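What follows is a set of notes on a single structure, which appears directly below.
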Amino acid sequence: NWNVDAAVNGFYSNGQNTAHATTHDSSLNQVFDKYQDAPKESPNKIGPTGTMKFFGDIGVDLEGISMLIASEIVQSPSMGEMEREGFVKGWSALGSLAPPTASADTTAKMKAAIGARQKEIASPTPAGRDAFKRVYRHTFAVGREPGQKAVGLSSATEFWRVLFGPSGTPWTSAGTPWLDWWIAFLEQHHRKTVNKDLWNQTLTFAQKCLADESLDWWDEESAWPGVVDEFVEFVKSEKRAATDGAMEIG
Amino acid sequence: MAPVVLGPLPHKDDAVATWNFLEAGVDQIMNALRDGIDMKSYMQLYTAIHNFCTSQKAVNSSPAGIAIQNYRGGAHLLGQEMYDKLKQYLSGHLREIQQKMDTHADEALLTFYIREWKRYTSAGAYINHLFKYLNRHWVKREMDEGKKDVHDIYTLHLVRWRDDLFGKNQNSVMGAVLNLVEKQRNGETIEQSQIKTIVDSFVSLGLDDSDSSKSNLEVYKLHFEQPYLKATKEYYENESRQFLAENSVVEYMKKAEARLAEEKERVPLYLLSEIMAPLMKCCEGALIATHAELFRNEFQKLLEDDRQEDLGRMYKLLARIPGGLDPLRHSFETHVRNQGLQAVEKVAAEGDNLEPKVYIEALLEVHTHFQDLVNKAFEGESEFVRSLDNACRDFVNRNKICKTGSSRSPELLSKYTDTVLKKSAKSTEDDDMEHLQTQIMTVFKYIEDKDVFQKFYSRAFAKRLVMDTSASGDSETSMISKLKDASGFEYTNKLQRMYHDMQTSKDLNNAYDEWRNTHLTEEDRKAAVDTSYSILGTGFWPLQAPTTAFAPPPVIVRTYETFAQFYHTKYQGRKLSWLWHLCKGEIRANYVKMGKIPYTFQVSTYQMAILMLFNEATSVTYDEIIETTKLNKETVDPSIAIMLKARVLNASPEGAKQESGTTYTLNYSFKHKKVKLNLNVTIKTEAKQEAEETHKTIEEDRKLLMQSAIVRIMKSRKKMRHALLVSETVAQIQSRFKPKIPDIKKCIDILLEKEYLERLDDSDELGYLA
């Protein structure tokens with residue numbers, strides 16, 4: 001398991017690395033300081049302007065998954081914002097846990113780390129899936145409007161298209177454009193915000209769908225959010241009924 | 001035969017002589033008991049045995065060893081030879097009888113057997129007495145020492161009969177018995193006592209090997225009961241097969257019932273009571289179990305033809321075999337359900353205009369009919385009652401009328417209840433009222449959406465109270481207490497509070513009258529409007545505030561302000577809000593009269609406000625009405641419409657709509673056949689709208705009920721699997737309504753979103769967040 005907090009704690013409590021860590025931290029703090037929008041008013045925050053510049057410097061595509069990866073690494077509290085603690089902890093933990101990109105304390109190293117993470121996410125390994133899950137889940141925090149408990153449906157749709165698109169973990173198969181169906185269904189029938197449980201469960205559901213496309217594993221009594229139940233009904237009655245009929249005739 | 005002549009007593013040590021002496025006597029008793037034996041001979045025989053048994057040594061036939069053997073425990077007991085000789089004698093005697101017996105058959109055989117058995121056993125009793133000394137000493141000691149083949153002399157007789165005769169002849173004897181029984185079954189008269197004697201004989205031969213003084217039923221069971229049951233089974237299997245080939249199942253059931261009764265009656269006549277249970281089982285097997293399938297096929301037909309008596313017969317027959325009724329229950333349930341659905345379908349043809357009464361009566365008719373059947377034909381058996389309940393619950397909640405949702409039934413039931421409890425032209429007798437309420441409760445019991453009933457009931461109840469349209473207070477309270485018994489205190493709590501408010505209001509009105517007498521001048525009192533007030537607690541009454549602004553006429557304002565003044569002296573700090581839309585009044589039209597009496601109009605307060613404008617002016621415009629009363633258009637228009645329709649008002653221009661520019665005048669030539677006219681009528685669309693509103697509030701209430709149940713459960717459990725939470729929620733709520741699983745899941749979603757709950761570790765387990 002990839003637990004950032006534990007790793008960070010481990011890193012700091014490990015006496016031998018203290019000097020090393022301090023070096024990281026000071027250089028990371030220097031990078032952080034460089035992008036601050038308002039060093040006087042909020043010395044531990046970087047606002048949208050600084051964040052956009054920083055993302056540009058480390059080669060993050062603002063429309064792509066790399067933006068979500070970077071946001072997860074620094075634990076952005078919301079879209080376009082970074083905090084010192086998350087920034088320093090995130091990058092230094094990445095340095096210690098991923099030796100090839102060791103000590104991601106310069107923008108060049110950070111750029112390389114993002115690239116490595118993006119490759120990892122695309123790989124079908126447990127670590128890759130795990131990394132994807134963390135990015136996916138953090139996206140909910142990034143996607144929320146300030147002060148809201150849920151993500152608006154249109155934002156959620158955009159993020160799903162990125163996360164479940166070609167550069168993330170595609171939620172589609174030869175026979176079934178799952179993501180298109182899902183989004184179409186929500187836009188047609190749900191038309192509400194996406195809460196945290198639905199957001200998180202959508203990933204679990206997507207993985208289940210790909211593992212067994214028959215949906216036979218689904219039953220009404222299980223713990224899915226009601227929207228997922230309705231979607232399954234929708235797929236069975238509207239999307240697949242026609243196919244079944246055709247097969248019977250054949 | 002001449003009486004035996006005995007010689008002189010033999011020497012006590014001479015065994016051969018002693019036996020010879022005895023044999024003559026024994027033979028006499030055995031073969032010619034009826035000729036009797038004189039006391040002297042009897043005594044001599046007895047003495048001969050006594051002498052032999054007490055002689056010091058046995059001579060002649062006895063080798064020394066035996067004599068020595070007989071010295072035991074200090075006592076010198078003899079008797080072996082006499083015992084053996086008697087045994088030999090009995091075997092010889094029985095051999096002769098047995099040979100003679102072989103020449104008889106059937107009834108003659110039975111007669112012979114019985115005669116010989118009686119003679120032999122009575123002789124045995126005498127001989128036993130004769131050999132009393134031997135029994136008391138030698139036999140007793142042998143038996144005490146555990147010798148199994150030594151019995152007292154009477155038992156010796158039975159043992160010999162059993163081993164030397166019975167073993168060879170019992171089959172033919174039993175065959176004859178069975179032939180006789182068959183004759184009786186076929187309707188002939190037989191000598192029943194013969195069979196009884198045979199049974200007794202068989203029973204007597206059941207000797208306990210470990211203690212021959214005791215008897216058991218082994219011989220009887222093996223040689224009588226078993227063949228008897230086997231023959232019975234065959235007989236009835238054959239008979240029933242033949243009978244069914246030529247007759248209907250209904251006829252057959254009568255036959256089977258009669259046969260079972262006959263067999264039962266036969267037992268005390270000549271059989272042993274022990275046979276009852278196995279015999280009945282055997283008959284039931286042959287007569288019922290074998291044909292159970294046929295019965296079941298007939299069951300459906302009997303139900304359709306409503307043959308209560310035949311159904312009762314079938315029930316009684318099948319109840320006798322294990323599991324015999326189970327398949328019937330299922331058919332019965334399905335039948336009742338179908339009948340219920342059909343009955344509803346018939347009345348559903350009336351469409352939207354369906355009277356609640358017609359619908360409820362259709363449901364009740366089916367229930368009453370089948371409840372009667374269960375009670376009469378199925379003896380009110382609990383499982384059939386359960387099947388009836390299942391079927392009724394099903395068709396009451398899911399039928400053609402309810403196709404939009406199961407809430408239709410409770411809605412119609414509560415509307416029907418309203419018509420029952422409402423004042424009507426013909427008053428309902430107390431007994432009838434009780435009966436109608438019991439019927440309502442019968443349907444209520446099956447209603448799943450009890451919350452819907454509650455909602456509609458409480459609204460109708462509120463109206464009856466406020467409008468004073470209840471048939472009687474007693475029937476209201478009795479209905480509430482029935483509901484309370486069925487669904488608990490909480491269910492009727494608000495209803496009781498509402499009723500209580502009305503009682504309190506009565507007292508309050510009386511107190512107000514007294515207060516007015518002391519606080520108002522006589523002039524004021526005369527000028528005041530005659531009023532009555534209902535003070536209703538906000539939390540208990542399902543009443544909404546008026547939907548329109550309203551400026552009551554000044555006279556009304558004065559009236560209620562006086563009351564409010566009084567009320568606040570009693571209850572300080574309480575706020576009074578007037579529900580104008582529920583108020584009504586009567587006004588006298590002094591300008592139009594029927595003969596000498598002015599007409600009286602019963603009106604809503606809104607109509608009153610409009611009419612009273614004509615005290616000030618002869619014509620009033622639509623805009624003036626709106627401005628003075630402050631009522632909104634939605635309220636004013638229908639209020640005027642009714643008065644136009646009743647020709648109390650005239651519109652100008654004639655036929656003009658209720659809109660700006662229309663002017664109204666009083667109709668001075670108003671005429672009506674009654675002196676009192678009710679203008680305060682609800683319009684049908686209003687009633688429908690109200691029903692829709694009620695349904696909407698039910699949906700909201702249900703969501704809250706489900707959410708609070710979920711929170712309550714999670715609060716006590718802290719952690720719980722999703723599926724378990726759903727089922728617990730169903731369990732908690734189903735006394736009010738049957739929640740749908742997707743609805744519960746939606747409530748869980750809402751609670752997750754509101755962060756009352758959280759999903760634990762991405763699993764199907766939920767946690768409670770305080």
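In what follows, every heavy atom counts, from backbone to side chain, and hydrogens, waters and symmetry copies are set aside. Note that the structure is a prediction, hence the values are computed from the model and not measured.
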Which distance, rounded to the nearest 0.5 Å, do you find between the CG of A:N195 and the CD1 of B:I750?
10.0 Å
Can you find a pair of side-chain heavy atoms, one from B:P742 and one from A:E220, that are under 4.5 Å apart?
yes
Would you find more than 12 non-hydrogen atoms of other residues, nucleotides or ligands less than 6.0 Å from B:K445 atom NZ?
yes
List the steps and the verdict of salt bridge (Lys or Arg N to Asp or Glu O under 4.0 Å) for B:K746 and A:E230.
CA-CA 11 Å; B:K746 262 181 210 137; A:E230 286 163 14; 3.3 Å; yes
May I ask you to check whether over 12 heavy atoms, not counting those of B:K703, lie within 6.0 Å of atom NZ?
no
More than 12 non-hydrogen atoms from neighbouring residues, nucleotides or ligands closer than 6.0 Å to OH on B:Y756, yes or no?
no
Begin from the C-alpha positions of B:K745 and A:D229 and carry the test side-chain contact (heavy atoms from CB on, under 4.5 Å) through to its verdict.
CA-CA 9 Å; B:K745 290 180 77 168; A:D229 291 335; 2.4 Å; yes
Using 0.5 Å steps for rounding, measure from the OG1 atom of A:T204 to the CG atom of B:D764.
11.5 Å
Of the backbone (N, CA, C, O) and the side chain (C-beta and beyond), which part of B:E755 lies under 4.5 Å from a heavy atom of chain A, both, or neither?
side chain
Tell me which of these, A:T193, A:N200, A:L203, A:D197, has more heavy-atom pairs under 4.5 Å with chain B than the rest.
A:D197
Residues, nucleotides or ligands: over 12 heavy atoms within 6.0 Å of B:H330 NE2:
no
For A:E145, is the CD atom crowded, meaning more than 12 foreign heavy atoms sit under 6.0 Å from it?
no
More than 12 heavy atoms from other groups under 6.0 Å of CD on B:E383:
yes
From A:L198 CG over to B:R759 CZ, what is the distance, rounded to the nearest 0.5 angstrom?
9.5 Å
So with a 6.0 Å cut-off around NZ of B:K450, is the heavy-atom count from everything else above 12?
yes
Atom CG of B:L752 and atom NZ of A:K149: how far apart are they, to the nearest 0.5 Å?
11.5 Å
Which answer fits A:K192, side chain, backbone, both or neither, if we ask what part of it has an atom under 4.5 Å from a heavy atom of chain B?
neither
